[in-house]
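This report refers to the structure that appears directly beneath it.
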Amino acid sequence: YLAHLVRGGGRDYLLVRPVPVFFFATLRYFSVNSAINALIVAAILGYTLASYSGPISFIGAVGYVVLMIFGYVVLYCLRVIGACPVFWTGTSHGFDQVFHSLLQFSDRPHTLLIGWARSVFTTIAPFSLIASFPGTFLFDPTRYDIILQLSVVTLYVVLLCRYVWRAGLAQYSSASS
């Protein structure tokens with residue numbers, strides 16, 4: 001969507017709107033099928049947790065929800081960062097493919113990675129912590145290091161996203177020029 005705005009001149013329209021460009025450009029369209037998917041996932045999660053025979057503490061459940069929100073913020077910011085090269089290249093196809101390839105790391109527990117790979121995918125390109133850290137905290141709520149690391153990484157990714165977005169807007173010139 002961002003590539004279409006940059007190439008087609010839609011960005012010019014957004015720049016003159018009385019709303020923040022970042023908000024309008026990234027949250028303009030809402031997909032109903034994504035909301036339905038989220039409801040189905042929530043139902044499956046609820047069923048799975050209801051049939052789980054082990055103990056789940058209140059702290060673990062609340063921490064899980066909070067960390068999932070942090071994970072979604074990280075995912076959202078990484079998606080925006082992956083789309084921003086369109087300001088310099090005019091297309092985001094190659095960057096989209098890299099993003100979706102790296103996104104596969106969010107499907108796997110971070111404990112599968114060792115050494116430098118774990119460091120990279122839980123800090124610099126934090127795809128591995130998006131879902132793995134909240135799940136780990138749900139079943140082991142004594143892992144406060146997870147809360148600290150995900151909080152710091154979320155702040156880092158939000159600031160990086162803001163920097164890349166502003167650099168892209170500074171680079172942008174009107175589609176008509």
Side-chain angles (χ1 to χ4, degrees), residues 1-8 10-11 14 19-54 56-86 91-113 120-141 143 146-147 149-151 153-158 160-162 164-165:
Y1 173 71
L2 188 59
H4 173 70
L5 285 176
V6 170
R7 282 193 319 264
R11 171 71 59 218
L14 292 180
V19 294
V21 177
F22 181 80
F23 174 78
F24 200 71
T26 60
L27 299 174
R28 184 176 182 182
Y29 292 109
F30 177 75
S31 178
V32 175
N33 62 345
S34 293
I36 293 170
N37 289 343
L39 290 174
I40 292 170
V41 167
I44 292 170
L45 178 64
Y47 173 76
T48 304
L49 291 177
S51 62
Y52 178 67
S53 61
I56 296 178
S57 70
F58 178 75
I59 297 293
V62 170
Y64 175 78
V65 171
V66 170
L67 292 177
M68 283 300 292
I69 292 169
F70 282 11
Y72 284 124
V73 169
V74 168
L75 179 62
Y76 172 75
C77 288
L78 290 174
R79 182 70 185 116
V80 171
I81 290 168
C84 279
V86 73
T91 183
S92 63
H93 293 298
F95 298 103
D96 285 340
Q97 291 174 357
V98 169
F99 173 81
H100 289 293
S101 295
L102 291 172
L103 188 59
Q104 292 179 14
F105 284 98
S106 68
D107 296 342
R108 291 153 181 81
H110 69 282
T111 53
L112 291 177
L113 302 170
V120 167
F121 288 109
T122 58
T123 54
I124 299 169
F127 288 92
S128 186
L129 59 76
I130 292 170
S132 181
F133 274 28
T136 300
F137 190 80
L138 177 65
F139 295 108
D140 185 7
R143 297 281 315 269
I146 287 177
I147 293 175
Q149 184 174 352
L150 189 51
S151 299
V153 169
T154 301
L155 179 63
Y156 150 72
V157 171
V158 166
L160 180 63
C161 179
R162 185 175 177 188
V164 171
W165 177 262

query: For the atom pair CG (Leu103) and OG (Ser128), what is the distance rounded to the nearest 0.5 Å?
result: 11.5 Å
message: With rounding to the nearest 0.5 angstrom, report the CG to OH distance, Leu49 to Tyr47.
response: 12.0 Å
field: Distance (rounded to the nearest 0.5 Å) between Cys161 SG and Leu78 CG
entry: 8.5 Å
query: For the atom pair CD1 (Ile124) and OH (Tyr156), what is the distance rounded to the nearest 0.5 Å?
result: 6.5 Å
task: Kindly determine whether Gln149 and Thr123 satisfy side-chain contact (heavy atoms from CB on, under 4.5 Å), including the steps that lead there.
output: CA-CA 8 Å; Gln149 184 174 352; Thr123 54; 3.8 Å; yes
query: Should Leu150 and Phe137 count as side-chain neighbours, where that means a heavy-atom distance under 4.5 Å?
result: no
field: Residue pair Pro134 / Ala131: nearest heavy atoms and the distance that separates them
entry: CD-O, 3.3 Å
query: Hey, would you say the Phe127 and Phe121 ring centroids sit under 6.0 Å apart?
result: no
statement: When every non-hydrogen atom of Val164 is compared with those of Cys84, the smallest separation belongs to CG1-CB, 3.4 Å
- prompt: Do Thr136 and His110 have side-chain heavy atoms sitting under 4.5 Å apart?
  reply: yes
message: When you measure from the side chain of Ser132 to the backbone of Leu129, do you find a donor-acceptor pair of N or O atoms at a distance under 3.5 Å?
response: no
- prompt: Roughly how far, to the nearest 0.5 Å, is CG of Leu138 from CD1 of Ile59?
  reply: 12.5 Å
query: Do Val153 and Phe70 have side-chain heavy atoms sitting under 4.5 Å apart?
result: no
task: Spell out, as yes or no, whether a donor-acceptor pair under 3.5 Å connects the side chain of Tyr64 to the backbone of Phe139.
output: no
- prompt: Does atom OH of Tyr52 have more than 12 heavy-atom neighbours, drawn from other residues, nucleotides or ligands, at distances under 6.0 Å?
  reply: yes
field: Point-to-point distance, once rounded to the nearest 0.5 Å, from SG of Cys77 to CG of Leu155
entry: 10.5 Å
query: Taking side chain as C-beta onward, heavy atoms only, is Phe133 less than 4.5 Å from Thr122?
result: yes
query: Given side chains that start at C-beta, do those of Leu75 and Ser106 come closer than 4.5 Å, heavy atoms only?
result: no
task: Please examine the side chains of Ile130 and Met68, heavy atoms only from C-beta on, and report whether any two atoms are closer than 4.5 Å.
output: no
Residues, nucleotides or ligands: over 12 heavy atoms within 6.0 Å of Arg162 CZ: no
